[in-house]
Amino acid sequence: MFIVNVEAAICKEDKWLVITRSTKEEHAGGTLALVGGKVDIEGNSLEILERTVKRECDEEVGIVIKDAVTFVYSSSFVTEDGRNVINMVFLCEYDSGTATTRSPDEVEAVYWMTHDEVMDHPLAPPWTKESIRRVALARK
């Protein structure tokens, strides 16, 4: 059984919205990441991944994204406690809102960073850099 996780790659004026994950987080606490979270079980539903991306943007940082989200890529990993996760990254278009830390148990800080700033940041893990690399290519 997999946990399904989605991430939103939001670009505004050539800067990407990234967060510092709370140190309270079980996985990768204290690192730079895209906004995202786990997909909730809903039974039979449509567009569950897209709705989860939108919900997480609002819950974590108070950002509204436009309806159209574009799947970019997926990956899988195993958490430190042995849980299998499928992670999906979506390219999203900023609509409105001011990015703030709305969920301190999940998000310590919010930043708008250029591609190079993310790539050079000491707290950016390889998977966040890979996501930024791929979404930047998809955006062109």
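Below, each value reflects all heavy atoms present in this structure, side chains not excepted, and no hydrogens, waters or symmetry copies. Index from 1, following the sequence.
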Validation row: I10, C57 side chains within 4.5 angstrom (heavy atoms): yes
Backbone of L32 reached by a side-chain donor or acceptor of T128 within 3.5 Å: yes
Exceeds 12 heavy-atom contacts within 6.0 angstrom, atom CG of L46: no
Side-chain touch I65/D95, heavy atoms, less than 4.5 angstrom: no
Approximate separation, where rounding is to 0.5 Å, of I63 CD1 and K12 NZ: 6.5 Å
CA sep, side-chain torsions, deciding dist, call: D81, T79, side chain to side chain donor-acceptor pair (under 3.5 Å): CA-CA 5 Å; D81 61 357; T79 63; 2.4 Å; yes
Parallel, tilted or perpendicular, as decided by the 30° and 60° cut-offs, for the rings of Y94 and W112: perpendicular
Gap between atom CD1 of I48 and atom CD1 of I41 - 0.5 Å precision: 8.5 Å
Min side-chain heavy-atom separation K38-N5 under 4.5 Å: yes
Main-chain N/O of D14 paired to R139 side chain as donor or acceptor, under 3.5 Å: no
Same apolar cluster: Y73 and M119, side chain cutoff 4.5 Å: yes
Under 3.5 Å donor-acceptor, K54 side chain and D67 backbone: yes
Min side-chain heavy-atom separation L49-V39 under 4.5 Å: yes
pair V89-R134: side-chain heavy atoms closer than 4.5 Å: no
Approximate separation, where rounding is to 0.5 Å, of E56 CD and S103 OG: 8.5 Å
E13, CD atom: more than 12 neighbouring heavy atoms under 6.0 Å: no
Residue list, ring pair (Phe, Tyr, Trp, His ring centres under 6.0 Å) with F71, at least two apart or on another chain: F90
Short N-O contact, R51 and E47, less than 4.0 angstrom: no
Pairwise side-chain contact, L34 with V18, heavy-atom cut-off 4.5 Å (strictly under): yes
Gap between atom OH of Y111 and atom CD of E117 - 0.5 Å precision: 11.5 Å
Heavy-atom side-chain contact between V6 and E50 under 4.5 Å: no
Spatial distance of atom OG1 (T52) from atom CD (E42) [nearest 0.5 Å]: 6.0 Å
Test item: V110 and V35 side chains (from C-beta on) under 4.5 Å apart, heavy atoms: no
Distance-minimising heavy-atom pair for H115 and A136: CD2-CB, 4.0 Å
